[in-house]
Structure formats: structure tokens, C-alpha cells
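Report on the structure given below.
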Amino acid sequence: MIVVDSNVLAYLYLPGEYTAAAEALLEQDPEWAAPILWRSEFRNILLGYARRKAISFEQANSLQREAESLLEGSEFEVDSLIVFELARDSDCSAYDCEFVALAMKLDSKLVTMDKKLLRAFPKHAIALSAV
């Protein structure tokens, strides 16, 4: 099982530079996990695409449902104290630190393309492009 950042989900469902890498990652390790926060972050990404008319509202809704299906049973709460500590000791947001906290909780790696997370947490985060 691996923890995936919301940007990895976006690369999987929205064609772009790292879509092939996200698809290969899913094939290599289909057990993806994320903190419950991923839902709101992914909704926000999809809304941005819909507002720019890159996808329709209906497509955004459909993609959200597909992603929810992919992560069904693999969404987790994280400990607030650990998130606070990770955010305090790094330059990362509490939102981003939820993904790191989950990777630590599951004794797994966080796959992301977030440069701040990759720099701040090299023991826990790996780049999608490096997988």
C-alpha cells in the first residue's frame, strides 16, 4: 500500500505530463491510500478544471466518483498532534502534512510531486516521476 497525494490522483484522472507515470504506478501498486482530506482537495482541483472549461461539471462529478471508488476502504483519519508537529517542523501546510502523517502511520511511502514535501520529508515522500 502507498499513500498518494491529491496531485497524483489528478495526474491519473486528468491528462497531463505525469499521467503515464500515475497509470504505471497504479498498475505496479494498486493499493492506494489517502487521508480523508484528499476528497476536498481533489474536488477543488476538478472545480478549477471545470471553471476553466477544460472539463464539464458532469465530468468533474464523474471523475470524483471514480476516484472515490478507487480509494474506497483506504481513506484514513490522521492524528492532529502529529500533523501539527510535522507542519511546525517544516515549511509545509497542515493539509500537506496529513499525507505525510498517514504515510508514517501506515509505514508506507507518500508518492507526490509536491517539491516542498519531497524536500522536507525525504524519508517518507518519493516523487511520482521517480517511481
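Note that the numbering runs from 1 along the sequence shown for the chain.
In this structure the side chain of V83 reaches within 4.5 angstrom of the side chain of E98, judged on heavy atoms. For the pair V131 and I2, the minimum side-chain heavy-atom distance is 4.5 Å or more. Between E68 and E75 the shortest side-chain heavy-atom distance does not fall below 4.5 Å. In this structure the side chain of V100 never reaches within 4.5 angstrom of the side chain of D96, judged on heavy atoms. Contact check for L9 versus W38: side-chain heavy atoms found under the 4.5 Å cut-off. The side-chain heavy atoms of E27 and E23, taken from C-beta on, include no pair separated by under 4.5 Å.
Under a 3.5 Å cut-off, the side chain of T112 and the backbone N or O of V8 do not form any donor-acceptor pair. Counting only distance, with no hydrogens or angles, the side chain of R51 and the backbone of L47 share no donor-acceptor pair below 3.5 Å. Judged by distance alone, with hydrogens and angles left aside, the side-chain atoms of K109 form a donor-acceptor pair with the main-chain N or O of K123 at under 3.5 Å.
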For D5 and E41: C-alpha separation, side-chain torsions, deciding distance, then whether side chain to side chain contact (heavy atoms under 4.5 Å, CB included) applies. CA-CA 9 Å; D5 196 349; E41 288 191 339; 4.1 Å; yes
Working for side chain to side chain contact (heavy atoms under 4.5 Å, CB included), residues W32 and L12: CA-CA 12 Å; W32 287 14; L12 180 66; 3.8 Å; yes
* Asked: Going through the checks in order, is the side chain to side chain contact (heavy atoms under 4.5 Å, CB included) test met by E77 and I36?
  -> CA-CA 6 Å; E77 293 282 344; I36 293 170; 3.3 Å; yes
Checking F121 against L86 for the side chain to side chain contact (heavy atoms under 4.5 Å, CB included) test, could you report, in this order, the C-alpha distance in whole Å, the side-chain angles of both residues, the deciding distance, and whether it holds?
CA-CA 9 Å; F121 302 102; L86 292 169; 3.5 Å; yes
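The line from CZ of F42 to CG of N7 is 11.0 Å long, rounded to the nearest 0.5 Å. Annotation: the span from E66 atom CD to N61 atom CG amounts to 10.5 Å, rounded to 0.5 Å. Between atom CD1 of residue I55 and atom OH of residue Y49 there is a gap of 8.5 Å, rounded to the nearest 0.5 Å. Note: E31 CD to L70 CG = 11.0 Å, rounded to the nearest 0.5 Å. Here L63 contributes atom CG and L14 contributes atom CG; the two are 6.0 Å apart, rounded to the nearest 0.5 Å. Here M1 contributes atom CE and D29 contributes atom CG; the two are 8.5 Å apart, rounded to the nearest 0.5 Å.
Heavy-atom contacts from other residues, nucleotides or ligands closer than 6.0 Å to CZ of F76 number more than 12. With a 6.0 Å radius and a threshold of 12 heavy atoms from other residues, nucleotides or ligands, Q28 has its CD atom above the threshold.
Between L117 and A125, the shortest heavy-atom distance links the atoms O-CB, 3.9 Å. Nearest heavy-atom pair, D79 versus I82, reported as atom, atom and distance to 0.1 Å: OD1-N, 3.1 Å. For the residue pair A60 and L46, the shortest heavy atom distance occurs at O-CD1, 3.3 Å. Taking both residues in full, the closest heavy atoms of A120 and S90 are given as CB-CB, 4.0 Å, listed atom of the first, atom of the second, then distance. Heavy-atom minimum distance, A103 versus H124: CB-O, 4.4 Å.
With respect to the salt-bridge test (charged N to carboxylate O, under 4.0 angstrom), the residues K116 and D91 qualify.
When hydrophobic clusters are built by joining Ile, Leu, Val, Met, Phe, Trp and Tyr residues whose side-chain heavy atoms come closer than 4.5 Å, directly or via intermediates, L26 is grouped together with V111.
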